[in-house]
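To start, the structure itself, in structure tokens.
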Number of protein chains: 2
Amino acid sequence: MIDYRRLRVALLGAGAVGSQVADLLLTHSAELADRAGAELELAGIAVRDVHAPRDVELPAELLTTDAETLIVGSDIVIELMGGIEPARGYILQAINSGADVVTANKALLATHGVEIFDAADQVGASVYYEAAAAGAIPIIRPLRDSLAGDRVQRIMGIVNGTTNYILDRMDTEGAEMADVLADAQRLGYAEADPTADIEGYDAAQKAAILASLAFHTTVPLQAVHREGITSVTKSMMDAARHAGYVIKLLAVCERLTGRGDDPAAEAISVRVYPALVARSHPLASVHGVNNAVFVQAEAAGDLMFYGAGAGGVQTASAVLGDVVSAARRHIAGGVGVGESTRAGLPTVDIGQVVTRYQITLEVRDRPGVLARVAGILSEGHVSIATVEQSQQPAAGEAGTGFARLVIGTHKALEQDLSETVTRLAADDVVERVVSVLRVEGD
Amino acid sequence: MIDYRRLRVALLGAGAVGSQVADLLLTHSAELADRAGAELELAGIAVRDVHAPRDVELPAELLTTDAETLIVGSDIVIELMGGIEPARGYILQAINSGADVVTANKALLATHGVEIFDAADQVGASVYYEAAAAGAIPIIRPLRDSLAGDRVQRIMGIVNGTTNYILDRMDTEGAEMADVLADAQRLGYAEADPTADIEGYDAAQKAAILASLAFHTTVPLQAVHREGITSVTKSMMDAARHAGYVIKLLAVCERLTGRGDDPAAEAISVRVYPALVARSHPLASVHGVNNAVFVQAEAAGDLMFYGAGAGGVQTASAVLGDVVSAARRHIAGGVGVGESTRAGLPTVDIGQVVTRYQITLEVRDRPGVLARVAGILSEGHVSIATVEQSQQPAAGEAGTGFARLVIGTHKALEQDLSETVTRLAADDVVERVVSVLRVEGD
Ligand SMILES: NC(=O)c1ccc[n+]([C@@H]2O[C@H](COP(=O)([O-])OP(=O)(O)OC[C@H]3O[C@@H](n4cnc5c(N)ncnc54)[C@H](OP(=O)(O)O)[C@@H]3O)[C@@H](O)[C@H]2O)c1
Ligand SMILES: NC(=O)c1ccc[n+]([C@@H]2O[C@H](COP(=O)([O-])OP(=O)(O)OC[C@H]3O[C@@H](n4cnc5c(N)ncnc54)[C@H](OP(=O)(O)O)[C@@H]3O)[C@@H](O)[C@H]2O)c1
């Protein structure tokens, strides 16, 4: 039995993730000590209500409502309360009292990351947050360390399990969103108030964190363009399938080169929206609540990281990995190395983004319509790659007199595209713009 | 312009990988300095022949044949020569002179890893080897750091691009191995002497490295059971496809629990062989020269890491990531944290491994044969899950009088299975054992 140095660990929160972290810390203590090179002594667990029922049984004497006192004298503070306050205050207290911090709090990091990392830099402390980006999927260390000598060009992530579950079932079963959402809530995959997931807020927070790391740039949450999945209908899903695509909610982080007059000038775009992904793309086979992060780097080429994006025990794995890293750093000595944000690239507006699009229109079924539509697109600098015209109105839609046009474009500027769509919508020959979707990954 | 501390970097080797590393170090120097927090000064490049043609143009004044002198005074030594000697000697020289080492040398680490890591531990140096396990795929940091608080149960890796390319083309095109191998050699995916790849030596080296990390145990190369792909025929491939499988060369690293009398006793098995993988498994869709590492962990669940397992520039990305990590450690101070091998689990013989099998037999086509075969299996403690009997002899095989039996077993002990197969082969009713394949991943 090796006589390890003892590190004092404070846990804030014992909910879905925290209770599992406590359980693993207590049951695997010998193994963790071997891995960390230090004994991890769980000094206490701060909660709101010490009598609340827990997912796992925890020693009553460890529970406390006094987080502030618990933090004092701790070497490692694990924040798993969620939300902005009091989590932010406790984390700053921990940093300033010399502790390293481990957190899974994406909402906090996406909004107050700079403040927290700066505070840590000041005192040479480290902040670990593997679980904040894609749950159990190790993505922080690959981006920050493994790819540190490379240039990330683009990330496409399926980083929200709830929406992937919903879209996947709509795709594979031809189900309606409302039905699947109700199921997801029953199964615990979606919250009673699903807004954070289905409106893309959760994915946007993760996108800000991933982009910051990948591009060595501070990306504020407001710089992330965000659209949720509520506009995605069963008929859009069916049409996508028919065309060889699947609709996924993607977090896209992209490096743009050659801005304005300077061919070497760089900027980034960070956006979350439902997009068409070709069936043959590795992201298309990410099913259910699973997540995946697809990374394209200049030298490394295409990489993909796949796994569970959420879940109490899965997320606890990522948290514990961070705890071991923090412990090793304490043992090894040396100061923490802060986030590298020295590239400081500007973020462009969604209007400056260039992608392919699929536009579905309901048009009057009469001669010359296609020519008219093509003319409007061409005037708007949107070039057509494919057109499919069908006379059959979709089930449940108006009878005769209308045809459906599905137009696949070449790459176009979002700003040009959206102005063109506005013009199409206003034109006589167009009855209705059924959908406009970006195509990603090809 | 920040005035960074300057670190002296020595590069040993300027072949497929080394020349790309040199190129990236020289062309991205400003960016690398920002990421590393230190200027990385490429002090020299050791080669055998300074006049040899190179993949990329390198400053002539940097090339030298005197590696030993180059190493003196270096902060970071990058070893990309390959082979055992002189690579081993130079790495030990570097460690003992206070440098951190970055290497992609799987052959060396799989055979002399303990010596090298011990030497580094002695002086508090670090050895980085991301590129040695799965090329550009970040797998070392996820295993060592992200999963440090979890328990890896099993790894299944496609870690050799050459064999995956060959098996994939045999699968998708129904091609013969010899033809595909010739193509692979023409395309540069296979060496003129393909032994290291197709006999599984390369995969076995990587398996030893992955298992050591995953199980915190020193796994010597001799402990890895190794079978290559030369026994895989077109007809085996066709039969696998017919049955909903694909044949992949897998590196399997597995934790075994409950050995002998002690239900808590643990051991590991590390093995490389061609195995049947269900089409629905994520590993089945790893095509061409791509690699992937599928990891099952107690808390994190299933994870997969996918990308390029080789290639000069791809591998250079992983090497550069290590160089930046080494530089950051130099700046941060503190000692290097060595490999954790404290679990020290024993490795079991292949005979102790438990998997499912698929046995294909050519049997006499007469009544009672199935009963006889079933009897032999049952006596041998091998339980049958499925049987498929076909009267049609496969193309090019003996005419009538024989039938083909494809038997899927439940999980069985390899030792029992192999004894049973020997008995089957010797039995009157069995004309020939066509193939015996393990089934992995379900
Ligand atoms: N759940 C996941 O799958 C997942 C995945 C990735 C990341 N995360 C992140 O992990 C964090 C925790 O998530 P969770 O799902 O475990 O949350 P949760 O189940 O809601 O648990 C929150 C815990 O924090 C405690 N707490 C809340 N406010 C507190 C306060 N003011 N003082 C003291 N204790 C307080 C609660 O105490 P009581 O129990 O007494 O109410 C509870 O134990 C969040 O930042 C979340 O975004 C979660
Ligand atoms: N290639 C890949 O895709 C890949 C992927 C993963 C890992 N790796 C590993 O990376 C390492 C390098 O592979 P590689 O493909 O780049 O090898 P390579 O193309 O054969 O290059 C070897 C380099 O080392 C130099 N060298 C060899 N022996 C030397 C000696 N005694 N003294 C000085 N220089 C010497 C050679 O010099 P000359 O040029 O003058 O002959 C050459 O520049 C190997 O350990 C390999 O396993 C390679």
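Chain letters run A, B, ... following the sequence lines, proteins first and then strands; every chain starts at 1.
- Chain A forms the most heavy-atom pairs under 4.5 Å with one residue out of Gly321(B), Ala131(B), Ala299(B), Ala316(B), and that residue is Ala299(B).
- Residue Leu303(B) comes nearest to Ile137(A) through the heavy atom pair CD2-CA, 4.1 Å, listed as atom of the first residue, atom of the second, then distance.
- Side-chain atoms of Arg328(B) and Arg144(A), non-hydrogen and from C-beta on, do get closer than 4.5 Å to each other.
- Contact of the Pro142(A) side chain with the Pro142(B) side chain is registered, since non-hydrogen atoms from C-beta on lie closer than 4.5 Å.
- With values rounded to the nearest 0.5 angstrom, Leu32(A) atom CG is found 10.0 Å from Arg151(B) atom CZ.
- Top candidate by heavy-atom pairs under 4.5 Å with chain A, chosen from Pro138(B), Gly37(B), Gly311(B), is Pro138(B).
- Contacts of Asp302(A) with chain B are made by backbone atoms alone, with heavy-atom separations under 4.5 Å and no side-chain atom involved.
- If you tally non-hydrogen atom pairs under 4.5 Å between each of Ala136(B), Ser325(B), Ala300(B) and chain A, the highest count goes to Ala300(B).
- Counting all heavy atoms, side chain and backbone alike, Arg35(B) lies closest to Asp150(A) at NH1-O, 2.7 Å.
- With rounding to the nearest 0.5 Å, the separation of CD in Gln314(A) from CD in Glu298(B) is 12.0 Å.
- Here OG of Ser146(A) is found 10.0 Å from CZ of Phe305(B). Values are rounded to the nearest 0.5 Å.
- Between atom CG of residue Asp322(B) and atom CG of residue Asp145(A) there is a gap of 9.5 Å, rounded to the nearest 0.5 Å.
- Interface remark: of the candidates Ala292(B), Gly307(B), Ala148(B), Ala148(B) forms the most heavy-atom pairs closer than 4.5 Å to chain A.
- Looking at Val324(A), the atoms closer than 4.5 Å to chain B (heavy atoms on both sides) all sit in the side chain, from C-beta outward.
- Note on Glu130(B), Glu31(B), Met304(B), His28(B): by heavy-atom pairs under 4.5 Å with chain A, the leading option is Met304(B).
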